[in-house]
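Worksheet: one structure, shown below.
Both counts, for ligands and for their atoms, begin at 1 and track the order of listing.
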Amino acid sequence: MGLKLAWIFLLGGLQGLMGWYMVKSGLVDNPHVSQYRLTAHLGLAFIIYAAMFHVALGLLTPAGNLDVGKRLRSLRRFIQVLIGLIFLMVLSGGFVAGIRAGLAYNTFPLMNGHFIPPEIFILEPWYRNFFENLVTVQFDHRMIAWMLAILVPTFWFKSRQLTLPKSTHFACNLLLLMLVIQISLGVATLLMVVPLHLAASHQAGAMLLFTAALWVNHKLR
Ligand code: HEM
């Protein structure tokens, strides 16, 4: 426990440093910072939160002794992939907010009449588009959302086919519900051209969705 807490403490210190490094890139005359540093700061915040939540869950409800069958093992792997994808979605959200990509293409599901807008590879070299082209950054955020919109319900159906404790099914239901809320908040934020209250709720929603996925993972251990 001491070692785990020491790691979290260290990451907290690093986050302070990261915050300073982010602010150094802007916030002097206008409220704008580097999208790379903003995303690093956001990502590290989620990692620290995950570590704290993991430790807290371990103390509150030590990992159970579920019967480890093949199907349960595959469900565990599935939730771990989902956690990774939700984390990637958070990083992608950092870039969307960081270059204010939410202020353009305020229609859904099409972007200016296209599912794949023609401008996604206009910058050279091509990889810069993923971080600096607001069309590509917003397009990626939408694509990962579509993936989650398919994979999370698939996970939920798979979990229903197994006999699991009631509280584990409850955690899976919560994950599905949180995805619906989060996608709705994201689309509303986009359609209403990023009003602060919706943007902030969408950011908090990301944290709750991530939490639900971490909780399901703990329940399946
Ligand atoms: C499915 C899960 C989703 C997750 C986990 C997620 C996560 C995030 C996160 C963490 C941010 C950064 C917020 C900030 O730092 O201020 C963000 C920004 C944003 N997301 Fe999502 N998002 C999701 C779905 C969507 C969808 C479906 C849309 C719309 C098509 C959307 C539209 C936006 C917009 C417009 C912003 C920028 C808000 C701003 O400028 O403050 N998101 N998202």
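- Of all protein heavy atoms, the one lying nearest to atom 27 (C) of ligand 1 is Ala145 CB, 3.6 Å.
- His141 and Ser92 are linked by a side-chain donor-acceptor pair at a separation below 3.5 angstrom, with hydrogens and angles left out of the test.
- The part of Ala199 lying near ligand 1 is the side chain, judged by heavy-atom distances below 4.0 Å.
- Under a 3.5 Å cut-off, the side chain of Thr136 and the backbone N or O of Ile120 do form a donor-acceptor pair.
- For ligand 1, the atoms closer than 4.0 angstrom to any heavy atom of Val187 are 28 (C), 29 (C).
- In this structure, atom 14 (C) of ligand 1 lies nearest to the protein heavy atom Gln203 NE2, 3.2 Å.
- The shortest contact between atom 38 (C) of ligand 1 and any protein heavy atom is with Val194 CG1, 4.0 Å.
- Between Tyr49 and Phe210, the two ring planes are tilted [angle within 30° to 60°].
- Residue nearest to atom 30 (C) of ligand 1, selected from Phe108, Trp146, Phe210: Phe108 (by heavy-atom distance).
- Taking the six-membered ring where the residue is Trp, Phe139 and Phe115 present perpendicular rings, their angle passing 60° and hence far from 30°.
- Between the NE2 atom of His141 and the NE2 atom of His202, the angle centred on atom 21 (Fe) of ligand 1 amounts to 180° when rounded to 10°.
- Judged purely by distance below 3.5 Å, without hydrogens or angles, the side chains of Gln138 and Arg142 pair a donor atom with an acceptor atom.
- The contact set between ligand 1 and Gly102, taken as ligand atoms under 4.0 Å from a residue heavy atom, comprises 35 (C).
- Annotation: side chain of Phe87 is in contact with side chain of Ile47 (closest heavy-atom distance under 4.5 Å).
- The closest donor-acceptor contact from the side chain of Gln35 to the backbone of Phe131 lies under 3.5 Å.
- Among Ser92, Gly186, Gly93, Gly98, the residue whose heavy atom lies nearest to atom 26 (C) of ligand 1 is Gly186.
- Of the protein's non-hydrogen atoms, the one nearest atom 1 (C) of ligand 1 is Ile183 CG1, 3.6 Å.
- Considering Met192, Met89, His41 only, the shortest heavy-atom separation from atom 23 (C) of ligand 1 involves Met89.
- Nearest protein heavy-atom neighbour of atom 34 (C) of ligand 1: Val96 CG1, 3.9 Å.
- Ranking protein heavy atoms by distance to atom 2 (C) of ligand 1, first place goes to Gln182 CG, 3.5 Å.
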**Report entry** Worked check of side chain to side chain contact (heavy atoms under 4.5 Å, CB included) between Val23 and Arg37
**Finding:** CA-CA 9 Å; Val23 169; Arg37 297 183 196 185; over 6 Å; no
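- Using cut-offs of 30° and 60° on the angle between ring planes, the pair Tyr36 and Phe95 is perpendicular.
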